[in-house]
Amino acid sequence: MAKSLINISVKAQKAGVFTTAGDLLAVGVFEDTPAKSLVKALDKKLGCRIEKLKKLGDFEAKPGSHCLLYADGKLDAKRLLLLGLGKRKKIMLDALRKAAALAATKAVDLKAKSLLLSLHTDVPGSVKLDWVQMGQTLAEAACFGAYRYDEYLTDKNHKRPANLKVVIVDSDTAVVKKLRKGVSVGVVTGQSQNYARTIANRPANVINPITLAAAAQKLAKSIPGLRCTVLDEKQLGAKKMGGILAVGQGSATPPRLIVLQYVPAGATKKTPAIGLVGKAVTFDSGGISLKPGAGMHDMKFDKSGGIAVLGAMKAIAQLKPKCRVYGLIPAAENMLSANSYRPGDIVTTYSGKTVEIQNTDAEGRMILCDAITYAEKLGCESIVDIATLTGACVVAIGQKRAALMSNDAKLIGRLEDASDKTGERVWHLPCDDEFVEEMKSKIADLKNIGGKWGGACTAAAFLSQFVDKAKWAHIDMAGVGVWGAGENDAPGSIGFGVRLLTAFAMNQR
Ligand code: BES
Ligand code: ZN
Ligand code: ZN
């Protein structure tokens, strides 16, 4: 039986930074520490050790740097972690996020059971970062950094505690009140993101379309206001969802369309609905157009878009935006067998449009197109799909950002806003008519691959053909969903998209 993962809690508390007991105290340090600041007061207590470290060049407080000290009884916390925040005037939410995540990572490494966070205290008032936003960011980041995926490690002597209590400390009642407001949101998003990471990290022999649907149903049962229905292969057949069925037909586990729904209290027929659509290919072998062996195991992460939607729906149902939100997750396993769909097949999609299959490895678009049509039929006024769709996207823009394509400038703006707030970064790419031309087939309405170049753009252009009235955006997250072993203490899924989609839904009218 898989064991439970680390249990993380976060709160803001009115308390003195130097006089609160804890296993680890993490303090944010600027390169240019002002005379009147928490860090100066701390340094005085420590006999100017921070200043000495700076002079030696051992800790210059550059962004991303850190230094662990032992306070020798001068503080009530057992250990002190200094976290570099860079230049004071340049401070942005992102630096706080990274520092808080690092603090939580180090806390878990040190087997600390409690982490006191004081990163925000010396942020200058001239910088437009409000306490509510900071509280949210710190809480999200603490959840993020403390995460470990170890449910299948049977070694009992794990290098991590069962629980981590994170406390954001501040001595000012008014500040604590605002921080708390943000923390209450940040904990929800942070926990939802970690939930998504766990489902994404689970291998394909555990998560398949059926078990993924069961997980979605279990989630919906646990949150009032979240509903879940699942279309099985018979229902998909009755609706003629040929795209999802074609991709799923080669697998021993049949495909599913998972439909999650959040309805705000007091909603009427006029309440606008948004649709979040996520690709959940629980394993992408490439099918008959088989992928090369090297790295194929990572294709268990090809469900990450769908799981981003699942995680976002978990958060959304708790944070309760004013709009209706549908979470649509087409789930299939792309396998090879006597039943697999083949190159050359012509598939009739749910929209009625026909697609000539030229490569069975371009399967994501085949399941997404049916789900997009479904979102249209539900009356969603905007639709955002998210998918690990193309290797070409990673070639084009690398692993730091997801690509964003859309048919609506305002929608791009809204998603870019959400991206700025959440630190889940996107970069706008084109997908206009020139790319659509490449996706036309001579024997069907469309084909499922384009030419040699611009594969991320042609894939998006293909999807655009299934959008009717809605404003639509597509996020290709092929490059950003996963951290490799060695780069970080928590290799595996980073739950990309949960914060972005949640912030996007919360900003709707
Ligand atoms: N799941 C892959 C895309 C992918 C590649 C995600 C690398 C994450 C990392 C997708 O289904 C795929 O195989 N796409 C093909 C499309 C091609 C056949 C047009 C690709 O990118 O090679
Ligand atoms: Zn593929
Ligand atoms: Zn795929």
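Just so it is clear, the values below take in all heavy atoms, side chains as well, and ignore hydrogens, waters and symmetry mates. One-based numbering, in listed order, for ligands and for the atoms of each.
- At least one N/O-N/O distance between D302 and ligand 1 falls below 3.5 Å.
- With respect to E233 and R256, a salt bridge is recorded, a charged nitrogen being found less than 4.0 Å from a carboxylate O.
- A salt bridge does not link K442 with E356: none of the charged nitrogens is closer than 4.0 Å to a carboxylate oxygen.
- Among all protein heavy atoms, the one lying closest to atom 16 (C) of ligand 1 is R365 NH2, 3.9 Å.
- In this comparison of A362, S289, G286, G305, the heavy atom closest to atom 17 (C) of ligand 1 sits on A362.
- Summary of contacts: the protein heavy atom closest to atom 10 (C) of ligand 1 is L389 O, 3.2 Å.
- At a cut-off of 2.8 Å, D361 does not coordinate the Zn ion (ligand 3) through any N, O or S atom.
- Looking only at N/O/S atoms, E363 comes nearest to the Zn ion (ligand 3) through OE2.
- For atom 15 (C) of ligand 1, the nearest protein heavy atom (residue, atom name, distance) is D361 O, 4.0 Å.
- The residue from A456, G391, G455 that puts a heavy atom closest to atom 5 (C) of ligand 1 is G391.
- Considering just the N/O/S atoms of D284, the one nearest the Zn ion (ligand 3) carries the name OD2.
- In this structure, the protein non-hydrogen atom closest to atom 7 (C) of ligand 1 is M299 CE, 3.7 Å.
- Using a cut-off of 4.0 Å between Lys/Arg side-chain N and Asp/Glu carboxylate O, D109 and R148 are scored as salt-bridged.
- The OD2 atom of D302 and the NZ atom of K279 subtend an angle of 100° at the Zn ion (ligand 3), given to the nearest 10 degrees.
- Of the protein's heavy atoms, at least one falls inside 4.0 Å of atom 13 (O) of ligand 1.
- For ligand 1, the polar-atom distance check finds an N/O of E363 within less than 3.5 Å of one of the ligand's N/O atoms.
- Residue N334 does not touch ligand 1, judged by heavy-atom distances below 4.0 Å.
- Considering both main-chain and side-chain atoms, K279 comes within under 3.5 Å of ligand 1 through a nitrogen or oxygen pair.
- Listed by number with element, the atoms of ligand 1 under 4.0 angstrom from any heavy atom of I449 are 19 (C).
- Under the 6.0 Å distance and 45° angle rule, R197 counts as a cation-pi partner of F144.
- K421 and D417 are not joined by a salt bridge, as no carboxylate oxygen comes within less than 4.0 angstrom of a charged side-chain nitrogen.
- The protein heavy-atom contact nearest to atom 2 (C) of ligand 1 is D284 OD2, 3.6 Å.
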Notebook entry, point to check: Taking it one step at a time, do T388 and D302 satisfy side chain to side chain donor-acceptor pair (under 3.5 Å)?
Noted result: CA-CA 6 Å; T388 48; D302 211 23; 2.4 Å; yes
